Number of protein chains: 2
Amino acid sequence: MRTVGWDDDRDCVVMVDQTKLPTAYTTYHAETVPELVESIETLRVRGAPALGAAGAYGVALAARRNDAADVESYREAVRVDAEAVADARPTAVNLSREVETVLDELRRCATVEAARDRTLAAAREVADADVRRNERIGEHGATPLADGDTVMTHCNAGALATVDWGTALGVVYSAHENGKDVDVVVNETRPLNQGSRITTTELLEYGVETTLIPDNASGRCLQEGRVDAVVVGADRIVLDGGETFGDQAIVFNKVGTYKHAVLADRHEVPFVVAAPHSTVDTERSADEVEIERRDPEELREIYGTQNAPADVPVYNPAFDPTPMELVDYLVTETGVHEQPLDREAFAVERGVKAAE
Amino acid sequence: MRTVGWDDDRDCVVMVDQTKLPTAYTTYHAETVPELVESIETLRVRGAPALGAAGAYGVALAARRNDAADVESYREAVRVDAEAVADARPTAVNLSREVETVLDELRRCATVEAARDRTLAAAREVADADVRRNERIGEHGATPLADGDTVMTHCNAGALATVDWGTALGVVYSAHENGKDVDVVVNETRPLNQGSRITTTELLEYGVETTLIPDNASGRCLQEGRVDAVVVGADRIVLDGGETFGDQAIVFNKVGTYKHAVLADRHEVPFVVAAPHSTVDTERSADEVEIERRDPEELREIYGTQNAPADVPVYNPAFDPTPMELVDYLVTETGVHEQPLDREAFAVERGVKAAE
């Protein structure tokens, strides 16, 4: 099933309840706008593309629940609800962007009836577009994989971060669709354990052979020849390395990605980055990207149990930069970009194709 | 204070209670042999050299508690107690070896009185020898460090794994004694978190500036130039790389060590292994060393909370091999062995010096 979608029988939003992972893979129905807002706030649904779809469906939910008498007050009431959805997590740009997409559709509707239908259709299109894009990333990314290959992945760039299919894990699912039996080694991904909690769950759910390892064992796995490719997603790709990295593109992704790129390089295992063109940032250089530092408590405690002295200083960056020289294949919805990356053509392609 | 020692006032064994870390740094007094056995079983005291001293003190404790009437039945009673101590953790070779050292002393005693004194003296000597050896490792290892350097370490090769001072952390303490202000970046060391639980605790206790990081952030730290040397211990050093690694020595240490050696190499940061000659194994090649695979539950649960699907397959090796070509300085109690390592001279030195 999709990470977030529409339940036609109950006429409401339905999602995989990610707060229940890894203990249970269950769904949650948001029947009202406050229930949807609460679901976004409590991370029942997370991941930028999935949040975009949740926002889009949220506007449809508001449009279908509201029964204001005249079109004007109806539009205003839905707009207020939509704002509450968009504000549920203010930093996720996809969320507010896709709320706006469906509000635009609402504004074009002359009647309440039309608005109820056409906002839902617009939300479905937002969700479908994400899946189509991911399927294209998956198709392109699967081409270098062979039947029987083992892929290592880090964090969760999977179906559960998107509406469906995912980016890095989409590559695995596409390989399977093409008859290539690919299995996956999943890094635990401390300190938030997205690998052990989320990635393993969705891979098992898809029926993919999965092995969980501590992050510290990834070097050993590569050393033993257990891994044929390392495939990860990307949070942001900049085309200018700045003073630090010089004249090359840089991939910002979950902290630990860089280490795996260095190890893959040493063991001559292909390192693959799979991400949509929308993650490419043509404005900034690597030096201008601020790396979020997260709460020391993520290390000092695990699941509420003390894991370190209460006052120990902690350095906990959320992301790290991987220079493109360590990336063998950069995969987007427009194809596989081999190295050395033609950054100018890539930027143009993004401008042209990302708008489609 | 020492990890394990003798309390003269209470005439019993005293130790840092490591089961209380990182919440509290407290001591536990083992007043009887069963209390000492239970302390070893429950890991109040752990680490091969510390267990050796605990075993030695255990025989002294038995000798001082027993009040058998004649020397023969006294010796037999103490021997039975000593066996219980030695068996508390059957795989730790240091434990049974040092129990035997003190039993040898007991056998040479003609009277109960003499045995009570001389077993304690022998146990003190076992503990003191460990500290002296570690201080020598520390002295040698500190020479390449400069005032203001930042050292990264993995796992716990510190005072709490030995009687005092430690090996990798002994290098840090010796640098401090020599007036070099060295601070330490500590990897959490999943899945058993020895870095966050034990290493940070003892460094703060010694007053060393300490920063805890998730294992995934070590690459970022090296990339940022935050680290001037990586210093780790060793569980076993073999002089023959076997078919896998060819004609070079191999360091087996806590899983994740290899990754850090590769990263240190890329960033041209010295990689230092600090360990006593007793960890050198001249019998085996790297191919003949079996790497312990630990319980999948160490990943599936953390501190009793589910961290992964209950049935997910897990690969959880305890150690990994680091080829000597990645080690810049191998430090033992006999000195700093630079690369390329003269393995023959090193083996001879071990034979000669380890016996002292």
Side-chain angles (χ1 to χ4, degrees), chain A residues 21-23 25 154 185-191 193 195-197 200-201 204 209-221 223 226 254-263 265-266 291 296 298-300 302-317 319-321, chain B residues 21-23 25 154 185-191 193 195-197 200-201 204 209-221 223 226 254-263 265-266 291 296 298-300 302-317 319-321:
Chain A
L21 300 180
T23 312
Y25 189 89
H154 192 64
V185 169
V186 179
N187 298 328
E188 181 183 31
T189 319
R190 287 285 296 150
N193 317 334
S196 62
R197 290 187 302 112
T200 56
T201 303
L204 294 176
E209 203 182 308
T210 302
T211 305
L212 173 64
I213 63 166
D215 301 302
N216 279 318
S218 57
R220 178 67 187 144
C221 287
Q223 197 182 47
R226 284 173 184 258
K254 183 61 56 195
V255 70
T257 299
Y258 168 65
K259 267 210 297 210
H260 294 100
V262 169
L263 285 159
D265 185 53
R266 181 178 168 91
I291 294 180
E298 289 179 2
L299 270 283
R300 292 181 189 146
I302 308 181
Y303 299 137
T305 298
Q306 199 173 336
N307 182 53
D311 51 352
V312 69
V314 169
Y315 178 55
N316 186 18
F319 307 102
D320 62 24
Chain B
L21 300 180
T23 314
Y25 189 89
H154 192 64
V185 169
V186 179
N187 298 327
E188 182 182 31
T189 319
R190 287 284 297 150
N193 318 334
S196 62
R197 290 188 302 110
T200 56
T201 303
L204 294 177
E209 203 182 310
T210 302
T211 305
L212 173 64
I213 63 166
D215 301 302
N216 279 317
S218 58
R220 178 68 187 142
C221 287
Q223 198 181 46
R226 284 174 186 260
K254 182 62 55 195
V255 70
T257 298
Y258 169 65
K259 269 211 294 210
H260 294 99
V262 169
L263 285 159
D265 186 50
R266 181 177 166 90
I291 294 180
E298 289 179 0
L299 270 286
R300 292 180 189 147
I302 308 181
Y303 299 136
T305 299
Q306 199 173 335
N307 181 52
D311 51 351
V312 68
V314 169
Y315 177 55
N316 187 18
F319 307 102
D320 62 23

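All values reported here derive from a predicted model rather than from experimental measurement. Reminder, nothing fancy here: chain letters follow the sequence lines and each chain counts from 1. FYI, side chains are in, hydrogens and waters are out, and symmetry mates aren't considered; it's all heavy atoms of this structure.
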From [X] atom [atom1] to [Y] atom [atom2], the distance as rounded to the nearest 0.5 Å:
X: B/N316; Y: A/N216; atom1: CG; atom2: CG; result: 10.0 Å
X: B/Y315; Y: A/S218; atom1: OH; atom2: OG; result: 11.5 Å
X: B/N307; Y: A/L21; atom1: CG; atom2: CG; result: 12.0 Å
X: B/T189; Y: A/R190; atom1: OG1; atom2: CZ; result: 11.0 Å
X: A/I291; Y: B/R220; atom1: CD1; atom2: CZ; result: 4.0 Å

Next item on the list: Measure distances from A/P317 to the heavy atoms of chain B and classify the residue's part below 4.5 Å as side chain, backbone, both or neither.
Entry: side chain

Checklist line | Segment of A/Y303 engaging chain B (4.5 angstrom heavy-atom cut-off) | finding: both

So which of [options] has the biggest tally of heavy-atom pairs under 4.5 Å with chain A?
options: B/V185, B/L299, B/I213; result: B/L299
options: B/S196, B/A310, B/G219; result: B/S196
options: B/P214, B/G195, B/G256; result: B/P214

Item checked: Options A/D320, A/T211, A/T257, ranked by heavy-atom pairs under 4.5 Å with chain B, top entry -> A/T211

Next item on the list: Against chain B, work out which of A/E298, A/E209, A/R226 has the most heavy-atom pairs shorter than 4.5 Å and name it.
Entry: A/R226

Margin query: As a quick check of understanding, evaluate side-chain contact (heavy atoms from CB on, under 4.5 Å) for A/D311 and B/L204, giving each step before the final call.
Written below: CA-CA 10 Å; A/D311 51 352; B/L204 294 177; 4.1 Å; yes

Next item on the list: Decide yes or no for B/E188 and A/I302: does some side-chain heavy atom of the first lie under 4.5 Å from some side-chain heavy atom of the second?
Entry: yes

Next item on the list: Can you see which heavy atom on B/A217 is nearest to which on A/V255, and at what distance?
Entry: CA-CG2, 3.7 Å

Next item on the list: Applying side-chain contact (heavy atoms from CB on, under 4.5 Å), name anything that partners A/P296, two or more places apart in sequence or on another chain.
Entry: A/R300, A/V314

Check: Who pairs with A/N187 by side-chain hydrogen bond (donor to acceptor under 3.5 Å, both in side chains), at least two apart in sequence or on another chain?
Finding: A/H154, A/H260

Checklist line | Backbone N/O of A/P321 and side chain of B/Q223: donor-acceptor pair under 3.5 Å | finding: yes

